[in-house]
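Working notes, structure below.
Note that the structure is predicted; figures quoted are calculated from it, not measured. The figures here come from the full heavy-atom set of this structure, side chains too, leaving out hydrogens, waters and symmetry mates.
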Amino acid sequence: MLEAIKTQLVTNDIMTAKALARALGTSEQALSGMLQLLLQRGQIETVVGGDCEGSCGCVAAKVEAYRWCEPQSQMATPLSIISVS
């Protein structure tokens, strides 16, 4: 299931827990423990959008979503530090 979460987040960039649960065919409740584990490992990060704190139902309501974070060790080396000998 963790690999399926990674695939969804890499493919879709940013997803809410509700969208992830729907894509994976599971409940948000079942997904929450796995998201917490990935957050603790630093493999995903929380993205918060919107600025309305109330429950008025407006389009600016605060939304929490998740994004995959590529581990530092797997990131490409910046061209500025590659030696060309």
Side-chain angles (χ1 to χ4, degrees):
M1 181 66 85
L2 295 175
E3 192 63 34
I5 293 170
K6 175 183 178 180
T7 300
Q8 286 296 318
L9 291 176
V10 168
T11 303
N12 297 296
D13 193 35
I14 297 173
M15 295 180 77
T16 63
K18 185 174 188 172
L20 267 170
R22 191 173 349 153
L24 299 172
T26 189
S27 70
E28 286 183 65
Q29 191 175 24
L31 188 64
S32 68
M34 290 176 263
L35 291 174
Q36 289 305 315
L37 176 64
L38 291 170
L39 282 166
Q40 289 172 353
R41 290 180 177 176
Q43 292 178 292
I44 63 172
E45 66 181 353
T46 304
V47 179
V48 179
D51 50 8
C52 179
E53 292 288 341
S55 59
C56 62
C58 71
V59 294
K62 189 170 272 194
V63 176
E64 187 175 281
Y66 302 93
R67 174 186 359 215
W68 187 259
C69 299
E70 200 60 41
Q72 291 292 334
S73 61
Q74 294 180 1
M75 292 179 68
T77 305
L79 291 176
S80 61
I81 62 168
I82 296 176
S83 119
V84 185
S85 306

**Message:** I'd like to know if V10 and M34 are part of one continuous hydrophobic network [Ile/Leu/Val/Met/Phe/Trp/Tyr, side-chain heavy atoms within less than 4.5 Å].
**Reply:** yes

**Request:** With the side chain counted from C-beta on, respond yes when L39 and T46 share a heavy-atom pair under 4.5 Å apart, and no when they do not.
**Result:** yes

**Message:** If you define the side chain from C-beta out and look only at heavy atoms, does anything of Y66 sit under 4.5 Å from L35?
**Reply:** yes

**Request:** Side-chain contact test, heavy atoms from C-beta onward, threshold under 4.5 Å: evaluate it for V47 versus E64 and give yes or no.
**Result:** no

**Fill in**
Heavy-atom nearest pair, G42 first then C69, reads O-CB, 3.8 Å

**Asked** Hey, what do you get for CG (L20) to CD1 (I44), rounding to the nearest 0.5 Å?
**Response** 8.0 Å

**Message:** Ignoring hydrogens, what is the shortest heavy-atom contact between L24 and A4? Give both atom names and the distance.
**Reply:** CD2-CB, 3.6 Å

**Request:** Start with the C-alpha gap between L38 and I5, add the side-chain angles, then the distance that decides, and say whether side chain to side chain contact (heavy atoms under 4.5 Å, CB included) holds.
**Result:** CA-CA 9 Å; L38 291 170; I5 293 170; 3.7 Å; yes

**Message:** I'd like to know whether R67 forms a side chain to side chain contact (heavy atoms under 4.5 Å, CB included) with L9, so could you lay out the CA-CA distance, the side-chain angles of the two residues, the decisive distance to 0.1 Å, and finally the verdict.
**Reply:** CA-CA 6 Å; R67 174 186 359 215; L9 291 176; over 6 Å; no

**Asked** Which residue pairs pass the side chain to side chain donor-acceptor pair (under 3.5 Å) test when at least one of the two sits in residues 9-31, sequence neighbours left out?
**Response** Q8-N12

